[in-house]
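Computed from a predicted structure; not experimentally measured.
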Amino acid sequence: MSDVENGTKGNTGDFNFPKSSSSNGNNDRTPRNKKKRVRPLNPNNDGGAKIIIALLAGAGAAFLLSLLLLMSRLESQEFENGLLNSNVGGAQGVDDTLYEEQQEMGGVLPLPNGAWRKQHDLMQVQQKGQQQIATERQSKLLEKIKGFKDSNLDRMNKFNKLFGANPLDPVMKDANHELDRMEAVLEGKQKNDKPMKKLDLHEKLADAVHKEKEEKKKQKAARKKELGIVDDVALKQGDKVAAISDEGAPHLQPHFPPLPPHTMSVELFGEKIITDTLSHNKPTMAGIIAILQRFLQNLHQFLKDHRDSKAPTVINEYFALVTKYLVPLEEAYRDKPVFPIREDGSIFMSLGAYRDHLLGETLRQAFKNAASPDKLFVGAVVQNCFGIDVTCRTGVEVKGQDEHGRPITKISDREPDVNGIEQFCDDPEYTKYCDSGQIRALYVNETESNGPTTARYFASKLWGGETYFLQADAHLRFAPEWDRLYTEEAKAAKSYPKAVLSAYPPGFSEGDPPYKGGTVGTRLCTCAFSTSDVEHHIIRINTGGTCGENANAPTQIAYIAAGFFFARAEFLTDVPFDPFLPWCFMGEEIALSLRAWTNGWDIYAPRKNLIAHQYRPGRMGLPKFWENTGRVFGRPGPGFNTQLQSISLKRVKYMVGYKDTTKEALEDLGHSVVLTDFQHYGPGETRTMDEFLEHVNIDIEKEQCGNIKWCNKCLMD
């Protein structure tokens, strides 16, 4: 099993996790020197102007818009009431207004029989009442402004932690200055001797974005000069990239920008982008992303609503959520590719990244070492803790040993995660790939992450018609010309085009020299029924024998590794990723293997290793998605995720034929919901499930895995 601790929006989250009492995390992490900046927006892209508006949907813009709304309300209502009178500050303005009204009416007329005294007293009472009302209104406004500033400045600070200096900063400063002035006037500390300042938010933000863009251009030009990149060569390469991205692929327009995080597709392109994709057979990448983001928005609210629910209720309601928001997309393109498959040798790389600090470097390595980087496209599901309305936490870190030699562990607060997409796209060597649409990103808050199976489902939906499909983890190194060599290896397999290459790659450490590849590939030829209570006796796959260095062609193996496989894109139509496997870490590999083989795909081991993988033992202290699950549901630790996984895994166990997971048994347990739409994500019809079990020598009755001679001895081509 791959160690991709993926979980899987879209929104900014507001789960308000308590901070650790043990540590603030500042001493456990070396601060990054590089200050993050929001990438400049490209006004030449389709919908470029709308991108600016979409940026306003973020936390910082929400603050600014609220400021403007509050100031506008003060201007239109309270100024008229005299609270911010142009001559006198505070409630005194009410007296001036009353006096002026009396003068316009001809002043106060004398009354007979001493009635003027009673009238005068009455007028004084009325004036005192008006003053009291004005004073109370002033006090409430002042309280509202101060509370508004405190709460939203805190939110803006978190926003700046995420993005660093950004185009919203000067607009924010201007709005804050005006709000401070209004507060001083209300307190009577300052006269309102100048008119309310009108803030043109759109114009100011556009100017700020333009300045940011020009600054970025200068930085990139300097970096290109340092690297020796000639502009005309870069331009030709960029033209080539754009031609391959768009030629014969109108569904890739309009481009959905990979930055900034949490840009909403519907905000850029409107609801029609969803309608066309679901109902009019006009799918676009922007439409697909909009559908996934809509699901994630509703998942966010779902998790809040079910924080205290029991595991069976959570699973039942989650399946209902998937049926409502994701199944329509599945049904619209059932048994056919969403987009036409381009026969241009292009490769789509599916990456599920759970709080992964190596995502940016993985992307650099992939493009740098590719023989044809212009034909490489990436769909990355970036599941990060963005630090907005939540406190980011480390994983379980080993801090030492106690007197008995047992590990001392600790979970600490930490900074928001680095954004690997931003790291990659801000590098002048690789910016063109982001601008051309070769990098597609779906951002998922850590709070909405629920395991690698969901992350891989999302990532598969970012495929845009490329010839080949590659699924991998987000912490890899690549050998030179890995793309060309994997393509040639797949074509060398006897069963091509229905051949899948898969292996467990060799490991690497971050201090290792550049990866060269070329070692003999591993073969997935063994399995075992897990004895762990956490894994519920699910089948785990593993490596077997090798074929030596001089094999003439790739030979078949028994299983697919979820952390790396390579196939033609028709695989996505025959074996679509299952959206109904939330909170699962184990089980995806046996399910993938069974479904692929019974749909007529043969599985091969590549003869040479061309990628390396960072294996991540628990002692590294990296975050795990099941820890997040515990926090989201208010039950710290892995226990609740284990309960959820035990139910979801019944879908896989039913598929494989476990004797205690029959349809009747599931109904008796009240878990029949796990069979939702099973007919679309179960075994294929080319070969049977029983034939697969015989093929890989699994005795499901005895829960035993036997020796697979043909696999270990490399006998089947």
Side-chain angles (χ1 to χ4, degrees), residues 5-22 295-326 352 354-355 381 383-396 409 411-414 417 443-455 457-458 532-536 579-587 618 622-651 669-671 673-674 676:
E5 296 95 5
N6 295 351
T8 86
K9 267 196 149 225
N11 47 31
T12 54
D14 51 5
F15 283 85
N16 298 319
F17 299 143
K19 292 188 176 182
S20 169
S21 60
S22 58
F295 169 77
L296 287 166
Q297 285 180 307
N298 285 275
L299 175 61
H300 176 79
Q301 186 61 46
F302 164 89
L303 293 171
K304 291 173 62 179
D305 293 344
H306 291 280
R307 178 177 171 84
D308 300 321
S309 297
K310 295 182 179 179
T313 300
V314 172
I315 292 293
N316 287 350
E317 295 303 317
Y318 181 87
F319 274 50
L321 197 71
V322 171
T323 300
K324 181 176 181 179
Y325 291 104
L326 296 180
Y354 181 74
R355 303 188 64 183
V381 177
Q383 306 153 101
N384 273 5
C385 178
F386 293 94
I388 301 175
D389 291 331
V390 295
T391 300
C392 299
R393 310 299 302 278
T394 65
V396 179
T409 61
I411 297 178
S412 307
D413 296 347
R414 57 164 288 175
D417 299 323
Y443 291 94
V444 180
N445 278 330
E446 181 195 21
T447 47
E448 282 82 72
S449 301
N450 65 17
T453 46
T454 304
Y457 168 81
F458 288 147
S532 167
D533 291 336
V534 174
E535 297 173 1
H536 311 286
F580 292 103
L581 283 174
W583 295 290
C584 283
F585 184 64
M586 296 298 170
L622 298 176
K624 307 294 191 296
F625 85 87
W626 51 79
E627 297 164 348
N628 167 69
T629 302
R631 290 192 288 268
V632 166
F633 286 99
R635 288 159 255 198
F640 192 63
N641 193 91
T642 299
Q643 294 179 39
L644 295 169
Q645 179 177 245
S646 69
I647 301 174
S648 290
L649 273 181
K650 295 182 186 301
R651 186 173 177 89
L669 291 170
H671 295 324
V673 69
V674 301
T676 301

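One finds the NE2 atom of His671 at 5.5 Å from the NZ atom of Lys650 (value rounded to the nearest 0.5 Å). Summarising the geometry, atom CG belonging to Asn628 is positioned 8.0 Å from atom CZ belonging to Arg355; distances are rounded to the nearest 0.5 Å. Distance check, rounded to the nearest 0.5 Å: OH of Tyr325 to CZ of Phe302 gives 12.0 Å. Atoms CG and CG, on Leu303 and Asn298 in that order, are 11.0 Å from each other to the nearest 0.5 Å. Distance check: Thr454 OG1 to Trp583 CH2 gives 8.0 Å after rounding to the nearest 0.5 Å. Phe625 CZ to Glu446 CD: the interatomic distance, rounded to the nearest 0.5 Å, is 11.5 Å.
With Arg414 contributing its side chain and Gly395 its backbone, the two residues share no donor-acceptor pair below 3.5 Å. A distance-only check finds a donor-acceptor pair linking the side chain of Arg635 to the backbone of Arg307 [under 3.5 Å].
Inter-residue side-chain proximity for Tyr318 and Leu644 is flagged as unmet; no heavy-atom pair is nearer than 4.5 Å. Side-chain contact between Arg631 and Glu627: present, with at least one pair of heavy atoms (C-beta onward) separated by less than 4.5 Å.
The shortest heavy-atom contact between Thr323 and Thr676 is OG1-CG2, 4.1 Å. The two residues Asp413 and Arg393 come nearest to each other via the heavy atoms OD1-NE, 2.9 Å. Heavy-atom minimum distance, Ile315 versus Ser648: CD1-OG, 3.6 Å. Among all heavy-atom pairs drawn from Gln645 and Val534, the shortest one is NE2-O, 3.2 Å. Residue Val632 comes nearest to Thr447 through the heavy atom pair CG2-O, 3.5 Å, listed as atom of the first residue, atom of the second, then distance. Contact detail for Tyr354 and Pro623: the closest heavy-atom pair is CE2-O, 3.6 Å.
By the 30° and 60° cut-offs, the orientation of the rings of Trp626 relative to Phe585 is perpendicular. Phe319 and Phe580 have tilted rings, their planes meeting at an angle from 30° to 60° on a 0 to 90° scale.
The environment of CG in Asp305 is crowded: more than 12 heavy-atom neighbours from other residues, nucleotides or ligands sit within 6.0 Å.
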Test side-chain contact (heavy atoms from CB on, under 4.5 Å) on Thr629 and Asn450; report intermediate values, then the result.
CA-CA 7 Å; Thr629 302; Asn450 65 17; 5.6 Å; no
Quick one, Tyr457 with Val381, criterion side-chain contact (heavy atoms from CB on, under 4.5 Å). Give me CA distance, side-chain angles, the key distance, then yes/no.
CA-CA 10 Å; Tyr457 168 81; Val381 177; over 6 Å; no
